[in-house]
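Heads up: the structure comes next, in structure tokens.
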Amino acid sequence: ELKVEQNPLFLSMQEGKNYTIYCNYSTTSDRLYWYRQDPGKSLESLFVLLSNGAVKQEGRLMASLDTKARLSTLHITAAVHDLSATYFCARSPLWTASKLTFGTGTRLQVTL
Amino acid sequence: NAGVTQTPKFQVLKTGQSMTLQCAQDMNHNSMYWYRQDPGMGLRLIYYSASEGTTDKGEVPNGYNVSRLNKREFSLRLESAAPSQTSVYFCASSEYDGNYGYTFGSGTRLTVV
């Protein structure tokens with residue numbers, strides 16, 4: 001069974017702090033996606049990680065992929081309130097974008 | 001640049017009624033998808049269409065049918081709505097290989113009473 005597990009499920013952090021969200025998945029031949037969702041809104045694509053060792057950064061967010069460990073991380077540097085949202089990781093087989101499997105999401109709350 | 005457009009945005013149905021959710025994309029993507037999102041369960045794939053003329057079941061297809069009308073449009077039909085189908089439905093599209101990620105529509109919030 002394909003599984004994508006995120007932790008933590010809920011994260012409350014202070015502005016200015018650093019933290020990491022973890023995403024474990026069950027097969028080795030995967031590409032990995034990160035999405036952001038604001039309450040009541042659609043999903044916004046953040047990163048697509050295609051190969052082992054891939055690292056991508058956008059502003060205060062940095063995502064990495066370790067296919068051997070079946071682990072992706074989303075690192076938040078010096079959090080700000082605007083980053084409050086739910087973050088999802090998702091995986092698909094390398095040979096097709098079909099059958100994207102999502103994790104249950106991490107709800108991030110950044111407080112002053 | 002509209003991206004992925006879904007209609008309607010909200011709908012309330014009575015048990016047993018039918019309806020069709022519409023989705024259209026203007027990015028010339030080959031692949032289109034329907035997901036449902038329930039609290040605490042992430043998104044689950046209902047059906048997908050890898051390319052025009054093909055459709056396949058996803059993780060939770062029971063109670064739904066789809067039609068890939070052309071390259072732009074992919075509709076989801078509930079033939080006889082049930083309360084368990086109360087959910088938020090998202091349509092998405094991508095290039096076939098998914099290297100640039102998926103683009104999601106704004107969602108349809110469906111309540112079945």
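Sequence lines set the chain letters: A, B, ... in the order given, protein chains first and strands last, and positions in each chain run from 1. None of the values given here were measured: they were computed from a predicted structure.
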Under 4.5 Å to a heavy atom of chain B? For A:Gln37 that would be side chain

Within residues 103-113 of chain B, the residues sitting under 4.5 Å from chain A by heavy atom, in sequence order, are B:Phe104, B:Gly105, B:Ser106, B:Arg109

Would you say A:Val4 ends up clustered with B:Ile46 if hydrophobic residues are merged whenever their side chains have heavy atoms under 4.5 Å apart, either directly or through other cluster members?
no

Rounded to the nearest 0.5 angstrom, the CG-OH distance for A:Leu100 and B:Tyr33 is 7.5 Å

When rounded to the nearest 0.5 Å, the distance separating OG of A:Ser42 from CZ of B:Phe90 is 5.0 Å

Contacts of A:Phe102 meeting ring-ring contact (aromatic ring centres under 6.0 Å, His included) (sequence neighbours excluded), chain-then-number -> A:Tyr35, B:Tyr35

Q: Spell out, yes or no, whether A:Tyr87 and A:Val80 are grouped together once hydrophobic residues are joined by side-chain heavy atoms under 4.5 Å, including indirect joins.
A: yes

- Task: Group every Ile, Leu, Val, Met, Phe, Trp and Tyr by side-chain heavy-atom contacts under 4.5 Å, then state whether B:Tyr64 and B:Val66 land in the same group.
- Result: yes

### Query
Applying the 4.5 Å side-chain criterion to the ILVMFWY set and letting contacts propagate, would B:Val60 and B:Tyr102 be lumped into a single cluster?
no

For residues 43-59 of chain A, the salt bridge (charged side-chain N to carboxylate O under 4.0 Å, His left out) pairs (sequence neighbours left out) are none

Residues 73-83 of chain B vs chain A, non-hydrogen distance cutoff under 4.5 Å, contacting residues -> none

In this structure, OG1 of A:Thr101 is separated from CZ of B:Arg44 (nearest 0.5 Å) by 12.0 Å

Cut-off 4.5 Å, heavy atoms of chain B, and the answer for A:Leu43 is both

Q | hydrophobic_cluster_shared for A:Leu50 and A:Met62, side chain cutoff 4.5 Å | A | no

